[in-house]
Participant: 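I'd like to ask some things about the structure below.
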There are 2 protein chains.
Amino acid sequence: MEKLNIDKVAKLAHVSRSVVSRVLNNHPNVSDEARSRVMSVVEEYNYRPNSVARSLATSSTYQIGVLSGIFGEESLGNGYWTLLYLGIFEECIRNGYYVRLSFYNSEMKKELHDLILNEHHLDGVICLNEEVTEFTLQTFEDSDIPIVLVGHNPKYPEIPSVDVDNYDAAYKATDHLVQLGHKDIGGMFGDQNVQETEHRMRGYQDALCNAGIEPKDDYTAVGSYSQHDGHDTMEEWIKKHDDMTAVFCASDTLAMGTLLALFENDISVPEQFSVVGFDGLPISKYMIPPLTTVAQPTYGKGEKAAKLLIEKIKNKDARVRHASLKPELLVRKSTAKLS
Amino acid sequence: MEKLNIDKVAKLAHVSRSVVSRVLNNHPNVSDEARSRVMSVVEEYNYRPNSVARSLATSSTYQIGVLSGIFGEESLGNGYWTLLYLGIFEECIRNGYYVRLSFYNSEMKKELHDLILNEHHLDGVICLNEEVTEFTLQTFEDSDIPIVLVGHNPKYPEIPSVDVDNYDAAYKATDHLVQLGHKDIGGMFGDQNVQETEHRMRGYQDALCNAGIEPKDDYTAVGSYSQHDGHDTMEEWIKKHDDMTAVFCASDTLAMGTLLALFENDISVPEQFSVVGFDGLPISKYMIPPLTTVAQPTYGKGEKAAKLLIEKIKNKDARVRHASLKPELLVRKSTAKLS
DNA sequence: TTGTAAGCGTTATCAC
DNA sequence: GTGATAACGCTTACAA
């Protein structure tokens, strides 16, 4: 079972190395006889072409990169990321691409540069919007390596992107609370600098306005998506805002922290207080009580991102597309009629 | 800013291509003058050697693979996996290795074969024990590509591995319950086929025995690590076992499901029932109530696995090592004295 | 210390 | 339809 290469296969099949290459790449112009001779050798010896050599010759690696921020422990554990990644991964594999994962933080410009400048490394890159800096995006836009963004950044209309309809999702979630009779509804949001936050805030505010409720500034908090922030913000609001009876959290993790703060203060959900989350993470079903949340198709986002990227790799001049996926409200046990 | 290659750099620096190569690889026997000429060209043009070509020449890719089962949604979201992966990833990057992630399920023998047979692909592989089949392990052992296992499989003593001391961890957790005065203590375990489960069960049983408590068969459940299983098992036990006052769950996710079942049945934790988990996931801190759990150094496990692998890559004949990491009991709010 | 030249295992371009 | 042969960009004897 020694190591074969294309020449040895050629010799065994009594053809030239070019014929072997043609057979392996499904190129035309090879006789049935030659083809079958080659194939039987390939199968007998279980020969596989060396992909490194192939990459060198074709300057395409069939590897795509995923660039993701290094988040704190808490966000890492929330499952959003893994689900997204799985969507990307499976779609890539289906298309014969391998995936290389890189975490990234702002000090890692070097890694990034190497990524791009060693060009042959990657056929394309998927960037997860959060934490990706202007610099990063700019660098990619300047190079000609295809890239797609998960999330959306209005500054780079030329970069294809995949996102949920954040406005619609936040609107649905808030409106659900409104329909239940709530009037004093807090809104907890994540990362300040991302357009996604802006959209979610607008959805929240519009749902309120359309119901004749005036959004109040001190009922709104913007911080991070962590459980920690959810907990601390709720803690504070419990002390300050006696009237508040419900809250819309812009992530399930935020909601998880919120639920804990409520529990610690003996406020029962949903009897005394309603909570709705955002994401529809697998764990949200097991929160106490099971969380009402607007689910976004996280796996689908990843899958779509991979699809767009591969499309762009295969046809660099393809029209730039910005996909927007639909969220869905999942009503569970953390919300109830205002009594 | 056109694309450079080693020859162009050589020309610009007025040296031969070998000198450039030597400089870039820190080989000796280069005059200071030549070195500095090369370096200044490299910096001016920001030249980076093409890693594919380099791989072809050296037949080492500086890529390591992580082989992981495709779990159901629930387990994916539990954060264990991500933390482990992060540990692996960061240690690899620190050593100049890139990471390629592959999910794997039993039908994917093809992918696996390609992985190995295209040999030049990967310098080494880290296998996550769960879900890795005999076939997989055997295949790797037969090839000469270095591999390390996260978890432990006694059938392959020749494969280096990293694990926590599962016995010790389970013992500590159970003993904690015993010390609080509990006598009727359930034990919920994960995957049947893994040695880890056996060790955790023994730790649980020994802690009981040493306290003069007889472990009962119907107080023990073995299934999966999912929240779902935790929930259903607890649900059943609530109906069947009136005496039970505490449970040791062999994962935090199992505990999360357990907590929900208890909540749904109006059994308050820890006043009427104590729960201890296993893993110390970031989310365990935000469960309701915050979970008492034996934390395993998940990130550290990944880090250690990467260390062992890289060591083995650099020295194929290194002694086989089986690392065993220490767990730590985190007492939070889900356990209390039996009243 | 430096340069020449032979690989590494493919694909791709041409004659035939 | 087939087979030389030249890339692809690098490392590494070996010779100078």
Side-chain angles (χ1 to χ4, degrees), chain A residues 2-39 41-42 45-63 96 98 114 116-123, chain B residues 2-39 41-42 45-63 96 98 114 116-123:
Chain A
E2 51 157 331
K3 201 81 278 215
L4 285 187
N5 64 20
I6 197 172
D7 283 323
K8 294 193 185 135
V9 173
K11 189 168 290 174
L12 287 165
H14 304 290
V15 293
S16 75
R17 133 239 244 91
S18 335
V19 172
V20 178
S21 176
R22 286 191 200 104
V23 170
L24 259 25
N25 293 287
N26 290 315
H27 285 180
N29 295 336
V30 34
S31 66
D32 286 353
E33 194 191 325
R35 159 165 287 113
S36 75
R37 271 210 311 271
V38 169
M39 286 312 288
V41 171
V42 165
Y45 294 85
N46 211 300
Y47 165 74
R48 293 284 180 285
N50 176 313
S51 67
V52 174
R54 182 178 261 178
S55 292
L56 184 58
T58 61
S59 68
S60 87
T61 58
Y62 279 85
Q63 291 206 195
Y98 286 101
D114 284 1
I116 302 164
L117 297 169
N118 293 352
E119 288 242 340
H120 285 302
H121 271 182
L122 262 17
D123 285 1
Chain B
E2 54 158 326
K3 201 82 280 218
L4 285 188
N5 63 22
I6 198 173
D7 284 323
K8 294 194 186 134
V9 173
K11 190 168 289 174
L12 287 166
H14 303 292
V15 294
S16 78
R17 139 238 239 86
S18 14
V19 171
V20 177
S21 176
R22 287 190 201 106
V23 170
L24 259 25
N25 293 290
N26 292 314
H27 285 180
N29 296 336
V30 176
S31 66
D32 288 353
E33 189 185 330
R35 160 165 284 114
S36 75
R37 274 210 308 271
V38 170
M39 286 313 288
V41 172
V42 165
Y45 294 86
N46 211 302
Y47 166 74
R48 294 283 180 286
N50 177 314
S51 66
V52 173
R54 180 178 264 178
S55 292
L56 185 57
T58 60
S59 68
S60 86
T61 58
Y62 278 85
Q63 292 208 193
Y98 286 101
D114 284 1
I116 301 164
L117 297 167
N118 292 353
E119 289 239 342
H120 285 302
H121 272 184
L122 261 18
D123 285 1

Participant: So, does A:Asn50 get its side chain near the phosphate of C:dG9, meaning an N or O under 4.0 Å from OP1 or OP2?
Facilitator: no
Participant: To the nearest angstrom, how far is B:Leu4 atom CG from D:dC10 atom C1'?
Facilitator: 14 Å
Participant: Answer yes or no: does a side-chain N or O of A:Tyr47 lie under 4.0 Å from OP1 or OP2 of C:dG9?
Facilitator: no
Participant: Taking the side chain of B:Asn5 as heavy atoms from C-beta outward, which of D:dG9, C:dT10, D:dG1 is closest to it?
Facilitator: D:dG9
Participant: Would you say B:Arg54 places a side-chain N or O within less than 4.0 Å of OP1 or OP2 belonging to D:dT11?
Facilitator: yes
Participant: Considering only heavy atoms and no angle criterion, is a donor-acceptor pair shorter than 3.5 Å present between the side chain of A:Ser18 and the base of D:dA4?
Facilitator: yes
Participant: How long is the line joining CG of B:Leu56 and P of D:dA7, in whole Å?
Facilitator: 17 Å
Participant: Return yes if the base of C:dT10 and the side-chain atoms of A:Arg17 contain a donor-acceptor N/O pair under 3.5 Å, otherwise no.
Facilitator: yes
Participant: Can a side chain N or O of B:Ser21 be found less than 4.0 Å away from OP1 or OP2 on D:dC10?
Facilitator: no
Participant: Rounded to whole angstroms, how far apart are NZ on A:Lys11 and P on D:dG3?
Facilitator: 14 Å
Participant: Take B:Ala53 and B:Arg22, find for each the nucleotide of DNA chain C with the closest heavy atom, and name the residue whose nucleotide sits nearer the 5' end.
Facilitator: B:Arg22
Participant: Does any N or O donor sit under 3.5 Å from an N or O acceptor when you compare the side chain of A:Ser31 with the base of D:dG1?
Facilitator: no
Participant: Could you tell me the separation between the OH atom of B:Tyr62 and the P atom of D:dT11, rounded to a whole number of Å?
Facilitator: 11 Å
Participant: Measure CG/B:Asn25 against P/D:dG9 and give the value in whole Å, please.
Facilitator: 17 Å
Participant: In whole angstroms, how far is the P atom of C:dT10 from the NZ atom of A:Lys8?
Facilitator: 10 Å
